[in-house]
Peer 1: 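Once you've had a glance at the structure underneath, I'll fire off some questions.
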Amino acid sequence: MSKQVIVYTTNDCIECTMVKQVLTQEGISFETRNVSTNPEYQKEVEAYGFLGVPVTVVDHRAVKGFTNELKELMELAKK
């Protein structure tokens with residue numbers, strides 16, 4: 001059973017688009033939360049210790065950006 005995956009994003013964010021494309025290519029479903037349209041989502045991002053996006057969350061573990069840590073989270077999401 002796959003875990004819930006959340007991607008915090010904003011409008012016109014190239015890195016956010018890349019994260020979403022890779023998750024889609026890997027067959028990982030995710031919920032998108034746009035911090036531009038909902039201030040509560042920005043508060044959630046800050047609660048994870050980040051100010052900017054993209055932030056990807058799997059099983060309460062969060063990483064920012066398009067990094068090797070994101071690859072680790074993707075593997076966690078598939079389990």
Side-chain angles (χ1 to χ4, degrees):
M1 182 176 147
S2 61
K3 296 177 173 34
Q4 180 185 21
V5 179
I6 302 169
V7 178
Y8 292 92
T9 185
T10 190
N11 300 330
D12 303 320
C13 169
I14 293 170
E15 199 172 13
C16 300
T17 301
M18 290 172 55
V19 168
K20 293 184 285 186
Q21 285 178 342
V22 168
L23 290 172
T24 300
Q25 289 170 352
E26 291 293 319
I28 299 170
S29 60
F30 58 93
E31 175 186 346
T32 301
R33 295 187 180 177
N34 190 325
V35 299
S36 298
T37 60
N38 187 332
E40 287 300 313
Y41 293 158
Q42 180 62 42
K43 290 178 185 175
E44 291 174 17
V45 167
E46 292 171 8
Y48 284 110
F50 302 108
L51 296 177
V53 292
V55 172
T56 306
V57 180
V58 177
D59 212 20
H60 303 291
R61 182 173 165 204
V63 297
K64 183 179 183 307
F66 192 78
T67 63
N68 284 335
E69 287 180 289
L70 177 62
K71 292 178 186 174
E72 293 172 17
L73 270 191
M74 288 170 34
E75 290 305 314
L76 181 63
K78 292 178 184 179
K79 292 181 181 179

Peer 1: Evaluate Ser36 against Thr10 for side chain to side chain donor-acceptor pair (under 3.5 Å), listing each step before the verdict.
Peer 2: CA-CA 5 Å; Ser36 298; Thr10 190; 2.3 Å; yes

Peer 1: Keeping Asp59 on the side-chain end and Arg61 on the backbone end, is there a donor-acceptor pair under 3.5 Å?
Peer 2: no

Peer 1: If a pair satisfies salt bridge (charged side-chain N to carboxylate O under 4.0 Å, His left out) and one of its residues is in residues 14-35, list it, with sequence neighbours excluded.
Peer 2: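 As it turns out, the salt bridge (charged side-chain N to carboxylate O under 4.0 Å, His left out) pairs with a partner in residues 14-35, which skip direct neighbours, are Glu26-Lys78, Glu31-Arg33, Arg33-Glu44.
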
Peer 1: Evaluate the salt bridge (Lys or Arg N to Asp or Glu O under 4.0 Å) criterion for residues Lys43 and Glu40: first the C-alpha distance (whole Å), next the side-chain angles of each, then the deciding distance (0.1 Å), finally the verdict.
Peer 2: CA-CA 5 Å; Lys43 290 178 185 175; Glu40 287 300 313; 3.4 Å; yes

Peer 1: Tell me whether Thr67 contacts the main-chain N or O of Val63 through its side chain, where contact means a donor paired with an acceptor under 3.5 Å.
Peer 2: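 Not a single qualifying donor-acceptor pair exists.
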
Peer 1: Quick one: does Val45's side chain get under 4.5 Å of Val35's, heavy atoms only?
Peer 2: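 SC-SC contact between Val45 and Val35 confirmed.
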
Peer 1: Could you note down all residue pairs passing disulfide (SG to SG under 2.5 Å) where residues 31-78 supplies at least one of them, sequence neighbours left out?
Peer 2: none

Peer 1: Can you check side-chain contact (heavy atoms from CB on, under 4.5 Å) on Thr9 and Tyr41, steps first, answer last?
Peer 2: CA-CA 9 Å; Thr9 185; Tyr41 293 158; over 6 Å; no

Peer 1: Look at atom CG of Asn11 and say whether more than 12 heavy atoms of other residues, nucleotides or ligands are closer to it than 6.0 Å.
Peer 2: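 Yes, because the 6.0 Å sphere around CG of Asn11 holds more than 12 heavy atoms from other groups.
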
Peer 1: With a 4.5 Å cut-off on side-chain heavy atoms, are Thr32 and Tyr8 touching?
Peer 2: no

Peer 1: Could you give the distance from CD (Gln42) to CG (Asn34), rounded to the nearest 0.5 Å?
Peer 2: 10.5 Å

Peer 1: Can you get from Val58 to Val22 by hopping between Ile, Leu, Val, Met, Phe, Trp and Tyr side chains that sit under 4.5 Å apart?
Peer 2: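 Same hydrophobic cluster.
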
Peer 1: Would you say Phe66 ends up clustered with Val53 if hydrophobic residues are merged whenever their side chains have heavy atoms under 4.5 Å apart, either directly or through other cluster members?
Peer 2: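 Cluster IDs for Val53 and Phe66 differ.
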
Peer 1: Counting N and O atoms only, with roles assigned by atom type, does the side chain of Gln21 sit under 3.5 Å from a partner on the main chain of Cys16, one being a donor and the other an acceptor?
Peer 2: no

Peer 1: Met74 and Leu23: side-chain contact (heavy atoms from CB on, under 4.5 Å), yes or no, with the steps?
Peer 2: CA-CA 7 Å; Met74 288 170 34; Leu23 290 172; 3.6 Å; yes

Peer 1: Tell me whether Met18 is reachable from Phe30 by hopping between hydrophobic residues (I, L, V, M, F, W, Y) whose side-chain heavy atoms are closer than 4.5 Å.
Peer 2: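 In one cluster: yes.
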
Peer 1: List the atom of Val5, the atom of Ala77, and the distance in Å for their closest heavy-atom pair.
Peer 2: CG2-CB, 3.6 Å

Peer 1: Under 4.5 Å between side-chain heavy atoms, hopping through other hydrophobics if needed: is there a path connecting Phe50 to Ile14?
Peer 2: no

Peer 1: Side chains of Thr56 and Ile6: does their closest heavy-atom pair fall under 4.5 Å?
Peer 2: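 Answer no - side chains too far apart.
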
Peer 1: If I compare all heavy atoms of Val19 with all of Gly65, which pair ends up nearest, and what's the gap?
Peer 2: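 In this case the closest contact between Val19 and Gly65 is CG2-O, 3.9 Å.
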
